[in-house]
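Just so we're clear, the structure is a prediction, and the values are computed from it rather than from any experiment. A note on names: the letters A, B, ... follow the listed sequences, proteins ahead of strands, and every chain is numbered from 1.
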There are 2 protein chains.
Amino acid sequence: MAHRTVSADRVLVPTAAGATRRPEPDCPVEVALAAISGRWTTLVLRDLMAGPLAYGELRRGLPELSDKVLVERLTALRDRGLVARHEHAGFPTRVVYELTDAGRALRPLLVELYRTGEELQQAPRT
Amino acid sequence: MAHRTVSADRVLVPTAAGATRRPEPDCPVEVALAAISGRWTTLVLRDLMAGPLAYGELRRGLPELSDKVLVERLTALRDRGLVARHEHAGFPTRVVYELTDAGRALRPLLVELYRTGEELQQAPRT
DNA sequence: CAGTATCCCTGTTGATACTG
DNA sequence: CAGTATCAACAGGGATACTG
């Protein structure tokens, strides 16, 4: 094997050419971070991972989250194609939110975030 | 089995009691997000994943990142215990940064961020 | 070389009150 | 019930210039 070959476990991107020198919006890492960006967003996603929820159910699940920010989050998630909104006819109005396939694709990332956080919490203070 | 059991693949947290109702700083997900928070941070981490780098090497690797923000990022990573700083005697000053064990523990998360971002980019527009 | 010191500007968050 | 509308407060990020 040629010398100066970087050992495989040191490589983070498929090809060296794929390594961005700036936070480009189309870098996959930026795309994933943008998907879960915003305070409260991961909590909203977590709740929706269990299945569709009505607006009021979401609100009751996160009592300290204001209407304003909850709507902001849901709108942003919808704009990103991660959540679908279903308005049911009748009165009072009832709106149900559920993850799209793209939204469900975030599950492994949330699991990995949790796992990594736990690992960091247990890390010895070097 | 009892009915109303939530199927395992719907569960995101170990126990229902472990599900926070707010973005608490000690929630593992928040811990992991805090570790990689800040613009440019994932790029700095990526570069350091390949091995120790001098300050000037880091700067040349990310030419559009200002000194101010680079130092901010390195200081923050150091405060979080993810990066170690080694000052080498002599003139001109030479400082080398390298990941700690805790910093290296972020590799799977970065890989998962990249993978998820790619998956989202390929997602069909529903 | 490896940083500091300022200033400013913008986006995000949160509190409060109101509505179809 | 499911949102809108305002406004105030703050933190993050970048440009520029300077230093041990």
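Here the side chains of V44(B) and T41(B) are not in contact, with every heavy-atom distance at 4.5 Å or above.
Of all nucleotides listed (dA2(D), dG3(C), dT4(D)), dG3(C) comes nearest to the side chain of V71(B).
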Sequence neighbours left out, cut at 3.5 Å: what donor-acceptor pairs do the side chains of residues 89-99 of chain B make with other protein atoms?
unit_1	atom_1	unit_2	atom_2	d
Y97(B)	OH	R85(B)	NE	3.3
E98(B)	OE2	H86(B)	NE2	2.8

_Secondary structure of DNA chain D in dot-bracket form (Watson-Crick or G-U wobble, distances below 3.5 Å, | marking inter-strand pairs)_ = ||||||||||||||||||||
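A salt bridge between R115(A) and E112(A) is present, with a side-chain N of the basic residue lying under 4.0 Å from a carboxylate O of the acidic one.
A side-chain donor-acceptor contact under 3.5 Å links R73(A) to the backbone of R39(A). At distances below 3.5 Å, at least one donor-acceptor pair connects side-chain atoms of T100(A) with backbone N or O atoms of G81(A). With hydrogens and angles ignored, the 3.5 Å screen pairs a side-chain donor or acceptor of S66(A) with a backbone N or O of V69(A). Remark: side-chain polar atoms of R80(A) are not paired, donor with acceptor, to backbone N or O of A102(A) under 3.5 angstrom.
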*When every nucleotide of nucleotides 6-20 of chain D is labelled 5' to 3' by its protein contacts under 4.0 Å (heavy atoms), B for base, S for sugar-phosphate only, - for none, what sequence of letters results?*
B------BBB----B
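Distance CG (L74(B)) to P (dT4(C)): 10 Å, rounded to an integer number of Å.
Contact record, L106(B) with I36(B): CD1-CG2, 4.3 Å, taken as the closest heavy-atom pair.
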